[in-house]
Amino acid sequence: MRMSRMLLKTLREAPADAELPSHVLLLRAGLIKGLAAGLYSFTPLGWRVFRRLEAIIRDEMDASGAQEVHLPALHPIELWEQSGRAAQMGDTLFQLTDRREHGFALGPTHEEVVSDLAGRMIQSYRDLPVTLYQIQTKFRDEQRPRGGLVRLREFTMKDAYSFDTGWDTLDVSYQRAFDAYVRIFKRAGVPVIPVAADSGAIGGKDSQEFIYLTPNGEDEILLCPSCGYAANAEKADFRRPPAIAAEPQPTERVATPGQRTIADLAVFLGVEPRQTAKAVFYRADGKPVFVAIRGDLDVNETKLKNVLKARELEPMDDAMVRNAGLVAGSAGPVGLSDMLVVADASAVEAANLVAGANEADVHIRNVNHGRDWTAEVVADIALARGGDACPVCGAALEVRRGIEMGHVFKLGTIYSEAMGVQYLDDEGGRHPAVMGCYGIGVERMLAACIEANHDSNGIIWPVEVTPYDVHVVALNLEQEAVGAALEAVEAELAAAGLSALVDDRGESAGVKFKDADLLGMPVRITVSPRALEKGGVEVRDRRNGVTEIVRADDAVATVRALLTAAAAGRAPKD
RNA sequence: CGGGGUGUAGCUCAGCCUGGUUAGAGCGCGCGCUUUGGGAGCGCGAGGCCCCCGGUUCGAAUCCGGGCACCCCGACCA
């Protein structure tokens, strides 16, 4: 491809509204153009990269035995009502009506549609197991699109769904998908770690996310440096610091003027935070919920939401707090009525806690569960934090941030039951298929690929992702010798099956070199009078900038060697 | 949806506080000449509903009110 003919504009300066390195480079290299919040167009060069990522995904999915399908992006709303997710997705679901006033949704994901297809086609255990996948556009009316390609309203997902006769064979399908993901991210040059993840209110069993660790990420991950335990903060467990054991003592009211936070209260009364009870009030699907947890811990709202099987969980507003007879700063579980009380195990096990008296500036000492108050629900609803003890080995957990690249998830029979995916076993018995689902965000993967593969000059494409294998810079192209050498190099590259982007523009040498670095092809060849004088063409490794002059005849072999070394992850020679 | 910020040329921004000529710069773009090893030089030129609507005023990019858009931080997800 000749650059003089390509629709491509590189930017010398970064647009002001881009912050992430990947976003800046995507725009500066002219790979994407914004249309509106969370919506981007791909340029010819950007689309080439996108399609190479798709090709890697397709290749590995096919190799894993999955079969590609193509499902509609436009879904009858009934399908979403049938699964119950129209309500669950809420405003995230883009909805519209056709000319007959029938409701439709733009698919945010495809469990419903694929289940409908599978339900119509799967009849017997002989049809199972089967894994279907597609690479499809998804639509989500996100609360906040952000980070260039990191969080979009229209994006491409590779989504796969496995159907099995039972949980045991689902384990096999799940592992196959997992292994395919490991290979996909490796080939795409995106370093990821699998972490235990929340499976949501819908339930399901194992769920793991593939996370690209970066300070720019939106997810909080807890990692154990000692044993390798890794979990999304929503899911993470930890060993709580032990409570102080003691015999229950009689309760005692105590004046605590102005002591509204756990920290203040603990100092005021001369106790440790873990000797207090923290009270937090929520609305779960509109209903008031009182949550008690030991004072040194925080509530994990995801865990709480799951325990309550709530669709929506939000802090109570002030009016609701007053109506419930609660006093913020001095709230406690003693004497509450007309409200669901949920407690973390920590608040139940600990003896003689200090708790609010539901009266301004008054607390109660020596509050004990079972004697002074009772929780209807006792569960693990505590939030793991950096420094907490690893649930596996006890070492201090570290907090990192990351971007979710993919998610693998054992769904079970939730959708097969709702959507009617059933099979007959060898005795004629009818059962719902056991499902798994597996997603990868393709644009997000492209963003992470750039985050992980760039330097201050621009992108450094992994060999399997690069839009062209070689960037050929021609200088003084008007000189006959240069023109001839360029044509020879182009012909040899083509004959060797290597793709090339050829800078034949009338720009100055500096502009061409800067653009070559920015655009990030792994190898650059310079065809110029100076190189010809030295006996050939110049070949340069983008990774370290090292150049060598080789005979034009040897250019292809040299390029090959550099690409192979880069693909193998071998250190560039210097 | 809560908090913060920004809307002036394709991009980065000045001008706004303290209203007053034809609204500016750099980069980019077009033409000509010159130039070709790290975003070159000279000359000429095109390009603006100053986000939108309303108000104040003799007069608004500038002051006031109301919208909208975009970005960042939080609650949600691939």
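Reminder, nothing fancy here: chain letters follow the sequence lines and each chain counts from 1. Everything numeric in this text was worked out from a predicted model, so none of it was measured.
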Is atom CZ of A:R51 surrounded by more than 12 heavy atoms (other residues, nucleotides or ligands) closer than 6.0 Å? no

Which nucleotide in the set B:G37, B:U36, B:U12 lies at the smallest distance from any side-chain heavy atom of A:E478? B:U36

Given B:C77, B:G39, B:G37, which nucleotide is nearest the side-chain atoms of A:R140? B:C77

Round to the nearest Å and state the distance from A:K512 atom NZ to B:U36 atom P. 12 Å

side-chain N/O A:R153 vs B:C77 OP1/OP2, d < 4.0 Å: no

Would you mind telling me which of B:U36, B:C71, B:C13 lies closest to the side-chain atoms of A:D17? B:C71

Could you tell me whether A:L477 contacts a base, only the sugar-phosphate backbone, or nothing, with contacts defined as non-hydrogen atoms closer than 4.0 Å? nothing

Aromatic ring of A:F155 stacked on base six-ring of B:A78, 5.5 Å, 30°: yes

Quick one: are the ring centres of A:H75 and A:F139 less than 6.0 Å apart? no

With rounding to the closest Å, how many angstrom separate the P atoms on B:G59 and B:G19? 15 Å

Whether A:K186 and A:E60 form a salt bridge (side-chain N of Lys/Arg under 4.0 Å from carboxylate O of Asp/Glu) is what I want to check. no

Distance between the P atoms of B:C49 and B:G10, in whole angstroms? 8 Å

A:R140 to A:F155 six-membered ring, cation-pi geometry met (6.0 Å, 45°): no

Considering every strand and a 4.0 Å limit on heavy-atom distances, what is the contact class for A:G147: base, sugar-phosphate, or nothing? sugar-phosphate

Can you tell me, in whole Å, how much space there is between the P of B:U22 and that of B:A61? 11 Å

When we call it a touch if two heavy atoms are under 4.0 Å apart, what does A:A531 touch: a base, just sugar-phosphate, or nothing? base

A:D515 has its side chain closest, among B:G38, B:G39, B:C77, to B:G39

G-U wobble or Watson-Crick pairing nucleotide for B:U6 (cut-off 3.5 Å, both distances): B:A69

Tightest non-hydrogen contact, residues A:A197 and A:H407, listed as CB-NE2, 4.0 Å

Using OP1 and OP2 only, check whether a side-chain N or O of A:R144 sits under 4.0 Å from B:C1. no

Looking for any heavy atom pair under 4.0 Å, which part of the strands does A:T156 touch: base, sugar-phosphate only, or nothing? nothing

Relative to the 5' end of RNA chain B, which residue comes earlier, A:I403 or A:T10, by the nucleotide with the nearest heavy atom? A:T10

Roughly how far apart, to the nearest Å, are B:G55 and B:C73 at atom P? 39 Å

Closest-nucleotide 5' rank along RNA chain B - winner of A:N232 and A:L11: A:L11

Polar pair under 3.5 Å, donor/acceptor by atom type, side chain A:R524, base B:G38: yes

Looking at B:C71, I'd like to know if its phosphate oxygens (OP1 or OP2) sit under 4.0 Å from a side-chain N or O belonging to A:R151. no

Which part of the nucleic acid, if any, lies within contact of A:E443, taking any heavy atom under 4.0 Å across all strands shown: a base, the sugar-phosphate backbone alone, or nothing? nothing

Classify the nucleic acid contact of A:M405 as base, sugar-phosphate or nothing, counting any heavy atom under 4.0 Å across all strands shown. sugar-phosphate

Cationic N near anionic O, under 4.0 Å, A:E538 to A:R524: yes

When the distance from NE2 of A:H23 to C1' of B:C72 is rounded to whole Å, what number comes out? 12 Å

OH of A:Y438 to CG of A:L411: how many Å apart, nearest 0.5 Å? 8.0 Å

Opposite nucleotide pairing with B:G74, Watson-Crick or G-U, both atom distances under 3.5 Å: B:C1

State the pairing partner of B:G30; accept Watson-Crick or G-U wobble contacts with both distances under 3.5 Å, and report none otherwise. B:C44

Does a distance-only test, which skips hydrogens and angles, find a donor-acceptor pair under 3.5 Å between the side chain of A:R12 and the base of B:C11? no

Whole angstrom value for the distance that separates C1' of B:G38 from CG of A:L518: 13 Å

Can you tell which of B:G38, B:C13, B:G37 lies closest to the side chain of A:A16? B:C13

Go through A:L383 and A:K303 one step at a time and tell me if the side chain to side chain contact (heavy atoms under 4.5 Å, CB included) criterion holds. CA-CA 8 Å; A:L383 181 70; A:K303 288 183 181 176; over 6 Å; no

Could you check which nucleotide pairs with B:U18 in any of the strands shown, counting Watson-Crick or G-U wobble with both distances under 3.5 Å? none

Provide, to the nearest angstrom, the distance between the CD atom belonging to A:E218 and the C1' atom belonging to B:A78. 10 Å

So what does A:E209 hit on the nucleic acid, given a heavy-atom distance under 4.0 Å: a base, only sugar-phosphate, or nothing? nothing

Lys/Arg N to Asp/Glu carboxylate O, A:D298 vs A:K278, below 4.0 Å: yes

For B:U36, take OP1 and OP2 only and decide whether either is under 4.0 Å from a side-chain N or O of A:S508. no

I'd like the P distance from B:C42 over to B:G26, given in whole Å. 11 Å

To the nearest Å, give me how far apart CG (A:D517) and P (B:G38) are. 13 Å

Work out how far the P atom of B:G20 is from that of B:U12, and round it to whole angstrom. 26 Å

Could you tell me how far apart A:R542 (CZ) and B:G38 (C1') are, to the nearest whole angstrom? 13 Å

Nearest-neighbour nucleotide for the A:A37 side chain, B:A78, B:C71, B:G38 considered: B:C71

Spacing of the P atoms in B:C11 and B:C51 (rounded, Å): 14 Å

Separation of atom NZ in A:K305 from atom C1' in B:A75, rounded to whole Å: 9 Å

Using only modelled atom types and a 3.5 angstrom limit, is any donor from either the side chain of A:R505 or the base of B:G39 paired with an acceptor on the other? no

If you check every side-chain atom of A:F513, which of B:C11, B:C71, B:G37 has the closest atom? B:G37

Base of B:C77 paired with side chain of A:D219 (donor-acceptor, under 3.5 Å): yes

Proximal nucleotide (of B:C11, B:A78, B:A40) relative to the A:M157 side chain: B:A78

Interatomic distance at C1', B:U8 relative to B:A23, whole Å: 9 Å

Taken to the nearest whole Å, CD/A:Q134 to C1'/B:A78 is 13 Å

Parallel under 30°, tilted from 30 to 60°, perpendicular over 60°: which one fits the rings of A:Y181 and A:F185? perpendicular

Looking only at B:C76, B:U36, B:A75, the nucleotide nearest the A:Q143 side chain is B:A75

B:G38 pairs with which nucleotide, Watson-Crick or G-U wobble, both distances below 3.5 Å? none

So, under a plain 3.5 Å distance rule, would you say the side chain of A:E13 forms a donor-acceptor pair with the base of B:G39? no

Considering Watson-Crick and G-U wobble pairs with both distances under 3.5 Å, what does B:U62 pair with? none

Does A:E507 contact B:G39 through a side-chain donor or acceptor facing the base, at a distance under 3.5 Å? no

What's A:R283 touching, base or sugar-phosphate or nothing? Going by heavy atoms closer than 4.0 Å. nothing

